[in-house]
Participant: 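Before I ask anything, here is the structure I am working with.
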Amino acid sequence: LPESFDWRDQGAVTEVKDQGACGSCWAFSTTGAVEGSNFIATGKLISLSEQQLVDCDHVCDPVDPLSCDSGCNGGLMTNAYEYIKQAGGLEKEADYKYTAQDGKCKFDSNKLVVKVANFTEVPVDEAQMGAYLVNYGPLAVGINAAFMQTYIGGVSCPLICSKRNIDHGVLIVGYGARGFTPVRLSYKPYWIIKNSWGKSWGEEGYYKLCRGYGECGISTMVSSVAAIAVID
Ligand SMILES: CCC[C@@H](/C=C/S(=O)(=O)c1ccccc1)NC(=O)[C@H](Cc1ccccc1)NC(=O)N1CCC(N2CCOCC2)CC1
């Protein structure tokens with residue numbers, strides 16, 4: 001496994017987006033994972049529609065039927081993958097634009113560009129997450145975002161970030177480690193996380209979270225688009 005890896009260097013990640021005043025983080029995490037897998041499968045980077053998920057995806061979690069995807073009121077990436085499989089795929093961002101509010105479903109099956117054949121939940125520990133990332137592409141993860149609101153840059157490693165209150169969906173696009181020094185005292189491995197709160201948040205929209213401690217529950221709800229069938 002390489003010491004550091006970043007899917008942005010391969011051109012597999014679209015620009016940082018902004019969900020606005022709408023609890024649709026789950027939809028951005030999902031499109032990010034599908035955009036990455038689609039790039040790996042086709043070499044083409046296509047920005048995909050979160051609004052289609054916000055308006056049209058009301059899939060419920062099979063385990064917890066009360067937890068259904070509900071647009072600006074929250075959702076789960078694993079439910080969203082199921083929706084994409086059932087709906088037949090996703091439209092481009094340009095064809096189904098983001099409005100940051102719940103709307104009537106305007107799905108047009110003639111405009112599908114990407115079809116998800118299958119997805120996997122990644123039940124591994126943080127050490128193996130790097131291998132999944134390198135092999136399958138960016139990972140959609142749930143995280144406790146308590147310390148993200150005050151984040152302004154650098155490697156965040158909050159000591160008391162609960163692993164249980166997972167409340168935000170984001171995308172791991174890579175990993176690295178600050179401080180490659182012989183003494184390795186300041187060696188701080190981190191995950192490179194794409195957020196959906198605009199480019200002015202964090203480091204141009206990105207969050208660096210320390211790696212190896214299961215920080216903020218980063219390794220508890222991990223999923224990736226294992227198999228993607230492409231249209232066009
Ligand atoms: C109101 C939902 C807010 C939204 C994210 C908003 S946010 O703006 O990114 C943000 C997050 C944290 C701090 C501040 C701001 N969070 C979610 O959608 C998170 C994302 C997530 C959590 C756990 C694992 C994976 C992904 N999902 C959730 O919070 N849930 C899934 C849907 C569920 N509902 C059940 C009843 O019907 C309505 C929906 C509620 C729990």
Side-chain angles (χ1 to χ4, degrees), residues 7 13-38 47-64 66-85 90 93 98 100-102 116 119-123 126 129 132-133 136-149 151 156 161-174 191-199 201-202 205-209 214-226:
W7 276 110
V13 184
T14 57
E15 82 290 348
V16 167
K17 305 181 188 181
D18 190 344
Q19 65 191 72
C22 166
S24 54
C25 54
W26 58 277
F28 286 84
S29 172
T30 305
T31 55
V34 180
E35 287 164 354
S37 289
N38 185 49
S47 187
L48 297 171
S49 171
E50 294 80 22
Q51 198 63 41
Q52 179 187 335
L53 295 175
V54 168
D55 294 348
C56 311
D57 167 11
H58 301 293
V59 166
C60 302
D61 185 307
V63 175
D64 168 11
L66 291 181
S67 184
C68 310
D69 286 352
S70 313
C72 294
N73 293 317
L76 293 172
M77 292 80 86
T78 43
N79 290 347
Y81 293 135
E82 202 47 53
Y83 160 77
I84 298 170
K85 274 173 71 175
L90 276 179
E93 190 84 62
Y98 187 64
Q101 53 190 3
D102 297 325
V116 169
F119 67 92
T120 51
E121 294 191 57
V122 180
E126 210 170 344
M129 274 166 63
Y132 259 83
L133 178 93
Y136 289 113
L139 301 175
V141 297
I143 189 175
N144 171 346
F147 293 85
M148 292 180 73
Q149 289 148 80
Y151 175 72
S156 166
C161 187
S162 158
K163 295 178 170 49
R164 269 175 301 285
N165 318 340
I166 311 279
D167 58 3
H168 188 26
V170 291
L171 187 77
I172 297 181
V173 298
W191 291 112
I192 303 169
I193 295 169
K194 183 185 186 188
N195 197 5
S196 49
W197 292 350
K199 293 181 176 62
W201 177 86
Y206 282 83
Y207 182 48
K208 284 199 185 97
L209 180 71
E215 199 61 32
C216 307
I218 189 86
S219 58
T220 55
M221 298 181 89
V222 180
S223 61
S224 84
V225 180

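Below, all heavy atoms of this structure are taken into account, side chains as well, without hydrogens, waters or symmetry copies. Nothing fancy with the numbering, it's 1 onward along the sequence. What you see is a predicted model, and the numbers here were worked out from it, not measured in a lab.
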Participant: CG/Asp102 to OG/Ser70 distance, rounded to the nearest 0.5 angstrom?
Facilitator: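 Asp102 CG to Ser70 OG: 8.5 Å, rounded to 0.5 Å.
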Participant: Give me the atom names and distance for the closest heavy-atom approach of Ser67 to Leu76.
Facilitator: OG-CD1, 3.6 Å
Participant: Could you tell me whether a side-chain N or O of Asp167 sits under 3.5 Å from a main-chain N or O of Ala145, the two making a donor and an acceptor?
Facilitator: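 Yes.
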Participant: Can you name the closest pair of heavy atoms from Leu48 and Glu35 and give their distance?
Facilitator: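 Looks like N-OE2, 2.8 Å.
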Participant: So do Ile143 and Leu209 actually touch side chain to side chain, heavy atoms under 4.5 Å?
Facilitator: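 Heavy-atom side-chain distance check passes, below 4.5 Å.
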Participant: Once rounded to the nearest 0.5 Å, what's the spacing between atom CD1 of Ile193 and atom CG of Leu171?
Facilitator: 9.5 Å
Participant: State the CG-NZ distance between Asp18 and Lys199, to the nearest 0.5 angstrom.
Facilitator: 9.0 Å
Participant: Quick check for you: to the nearest 0.5 Å, what is the distance between Thr30 atom OG1 and Ile84 atom CD1?
Facilitator: 6.0 Å
Participant: Give the ring-plane orientation class for Trp201 versus Trp197, where under 30° counts as parallel, over 60° as perpendicular and anything between as tilted.
Facilitator: perpendicular
Participant: When rounded to the nearest 0.5 angstrom, what is the spacing between CD1 in Ile172 and OG in Ser219?
Facilitator: 9.0 Å
Participant: Who passes disulfide bond (SG atoms under 2.5 Å apart) against Cys25, sequence neighbours left out?
Facilitator: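 Cys25 satisfies disulfide bond (SG atoms under 2.5 Å apart) with no other residue.
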Participant: Do Val141 and Trp191 come within less than 4.5 Å of each other through their side chains, counting heavy atoms only?
Facilitator: no
Participant: Distance from Gln19 atom CD to Cys72 atom SG, nearest 0.5 Å?
Facilitator: 9.0 Å
Participant: For the residue pair Asp57 and Trp26, establish whether any side-chain heavy-atom pair is separated by less than 4.5 Å.
Facilitator: yes
Participant: Checking Phe147 now: which residues fulfil ring pair (Phe, Tyr, Trp, His ring centres under 6.0 Å) with it, not counting sequence neighbours?
Facilitator: none
Participant: Of all heavy-atom pairs between Lys163 and Gly214, which one has the smallest distance, and what is that distance?
Facilitator: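 For Lys163 versus Gly214, the nearest heavy atoms are CE-O, 3.4 Å.
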Participant: Checking the side chain of Lys194 only, and the main-chain atoms of Glu15 only, is there a donor and an acceptor separated by less than 3.5 Å?
Facilitator: yes
Participant: For the residue pair Met129 and Ile218, what are the closest heavy atoms and their distance?
Facilitator: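 Nearest heavy atoms, Met129 then Ile218: CE-O, 3.9 Å.
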Participant: Where the side chain of Asn144 meets the backbone of Gly217, is there a donor-acceptor pair that is under 3.5 Å apart?
Facilitator: no
Participant: Who passes ring pair (Phe, Tyr, Trp, His ring centres under 6.0 Å) against Tyr98, sequence neighbours left out?
Facilitator: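 Partners of Tyr98 under the ring pair (Phe, Tyr, Trp, His ring centres under 6.0 Å) test: Phe28.
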Participant: Any luck finding a side-chain donor-acceptor pair between Ser24 and Glu50 under 3.5 Å?
Facilitator: no
Participant: Just by distance, do the side chain of Asp69 and the backbone of Val54 share a donor-acceptor pair under 3.5 Å?
Facilitator: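 Not a single qualifying donor-acceptor pair exists.
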Participant: Under 3.5 Å, side chain of Ser49 to main-chain N/O of Glu93, donor-acceptor pair present?
Facilitator: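 Absent.
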